Amino acid sequence: AAGAAGGARLPRAMHADGLPPQALVDDTEDVSLDFGSEEELALRKARIRHPLATFFHLFFRVSAIVTYLFCDWFSNSFVACFVTILLLLSFDFWSVKNVTGRLLVGLRWWNQIDEDGKSHWVFEAKRVPTIAASTEAEARIFWLGLIICPVIWTMFFFSTLFSLKLKWLALVIAGISLQTANLYGYIHCKLGGPKTISRVTSRLFGTTDVPKRQSRRIAEDGTEDHGKTGTR
């Protein structure tokens, strides 16, 4: 009997509710943690996510400076050098204002004219960071290129003025104006913050709310007059 009992398998212990006991979980067991934010932070520090935009952010403005310095080596025509540099400056202004600023640092600015003919500067900044947000390397390249190049064109202005090369003065002033305009706009986007944006949006949408407010006031006045006549 003992042998038979020993050969037979003993039934599993059962709880009072008839269910088998669950495995005990040790308090010291490793628990997986979410390190997604740390991985995203590491990617933001180490990687360039928009290489094409980063390249063209520096290409046009650096090409304009290099062409200005060494244009005499390539061509003896002042008109050809003037037009080439002006086109590079124009391409740089458009690309920085409309493309690279939005992709590299999440900023955007433009000028808008309302129905009354008044000009309003609009400055936008992306508040919530996303997976496709710019990295620290991209932001550093963006701001260094945005600040250093206008300083270089300012140095060209004084060198042109003191060396009496007045034929280049108009081109240098155009370079300072175009690149300083982008610097001015993005500084306002960065430092102006939500106050500037909310102030501008309130101006823009204030004119569209006027008919609605007037209709509401007329409706309220009509109901008040009707209530007064009814009480009389």
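Note that the numbering runs from 1 along the sequence shown for the chain. Side chains are part of it too, since the values below use all heavy atoms of this structure and drop only hydrogens, waters and symmetry mates. Just so we're clear, the structure is a prediction, and the values are computed from it rather than from any experiment.
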Looking at side-chain heavy atoms only, is the closest gap between [X] and [Y] below 4.5 Å?
{"X": "Q179", "Y": "L89", "answer": "yes"}
{"X": "Y186", "Y": "R108", "answer": "no"}
{"X": "F157", "Y": "L169", "answer": "yes"}
{"X": "K118", "Y": "I113", "answer": "no"}
{"X": "L178", "Y": "D92", "answer": "no"}
{"X": "H120", "Y": "D114", "answer": "yes"}
{"X": "L86", "Y": "L171", "answer": "yes"}
{"X": "V96", "Y": "R61", "answer": "yes"}

Looking at [atom1] of [X] and [atom2] of [Y], how far apart are the two atoms once the value is rounded to the nearest 0.5 Å?
{"X": "W168", "Y": "S163", "atom1": "CH2", "atom2": "OG", "value": "11.5 Å"}
{"X": "R140", "Y": "I48", "atom1": "CZ", "atom2": "CD1", "value": "10.0 Å"}
{"X": "L52", "Y": "F59", "atom1": "CG", "atom2": "CZ", "value": "11.5 Å"}
{"X": "F56", "Y": "S63", "atom1": "CZ", "atom2": "OG", "value": "9.5 Å"}
{"X": "L58", "Y": "L146", "atom1": "CG", "atom2": "CG", "value": "10.5 Å"}
{"X": "T100", "Y": "F60", "atom1": "OG1", "atom2": "CZ", "value": "10.5 Å"}

Ring geometry between F158 and F162 (parallel below 30°, tilted from 30 to 60°, perpendicular above 60°):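 Taking F158 first and then F162, their aromatic rings sit tilted (interplane angle of 30° to 60°).
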Minimal non-hydrogen separation, [X] against [Y], with atom names:
{"X": "A53", "Y": "L103", "result": "CB-CD1, 3.9 Å"}
{"X": "C81", "Y": "C71", "result": "SG-CB, 3.3 Å"}
{"X": "R102", "Y": "N98", "result": "NE-O, 3.7 Å"}

Taking [Y] as the starting point, is it possible to reach [X] by hopping between hydrophobic residues whose side chains are less than 4.5 Å apart?
{"X": "L69", "Y": "F78", "answer": "yes"}
{"X": "L144", "Y": "I187", "answer": "yes"}
{"X": "M155", "Y": "I85", "answer": "no"}
{"X": "W153", "Y": "V151", "answer": "no"}
{"X": "F70", "Y": "V172", "answer": "yes"}

Set of residues satisfying side chain to side chain contact (heavy atoms under 4.5 Å, CB included) with respect to I152, sequence neighbours excluded: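 Here the qualifying residues are I65, I148, F156.
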H57 and its ring-ring contact (aromatic ring centres under 6.0 Å, His included) partner, picked from F142, F91, F93: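 The residue from F142, F91, F93 that satisfies ring-ring contact (aromatic ring centres under 6.0 Å, His included) with H57 turns out to be F142.
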The single option from W110, F123, W121, W109 passing ring-ring contact (aromatic ring centres under 6.0 Å, His included) against H188: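 Among W110, F123, W121, W109, the one that satisfies the ring-ring contact (aromatic ring centres under 6.0 Å, His included) with H188 is F123.
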Verdict with reasoning, I141 to L104, per side chain to side chain contact (heavy atoms under 4.5 Å, CB included): CA-CA 9 Å; I141 292 172; L104 300 183; 5.8 Å; no
Set of residues satisfying ring-ring contact (aromatic ring centres under 6.0 Å, His included) with respect to F74, sequence neighbours excluded: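 Expected list: none.
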Side chain to side chain contact (heavy atoms under 4.5 Å, CB included) between L88 and T67, worked out: CA-CA 9 Å; L88 290 172; T67 306; 3.8 Å; yes
Check: E138 side chain, T54 main-chain N or O, donor-acceptor pair, under 3.5 Å: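 Side chain of E138 to backbone of T54: no pair is present.
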Check: S177 main-chain N/O paired with T180 side-chain donor or acceptor under 3.5 Å: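 Not at all, since once roles are kept as given, no pair shorter than 3.5 Å links the two residues.
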W94 atom CH2, neighbour heavy-atom count above 12 within 6.0 Å: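 12 or below, so no.
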Residues in side chain to side chain donor-acceptor pair (under 3.5 Å) contact with N111, at least two apart in sequence or another chain: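 N111 satisfies side chain to side chain donor-acceptor pair (under 3.5 Å) with S119 once adjacent residues are dropped.
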Side-chain H-bond candidate by donor/acceptor type, Y68 with T84, under 3.5 Å: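 T84 and Y68 do not have a side-chain donor-acceptor pair below 3.5 Å.
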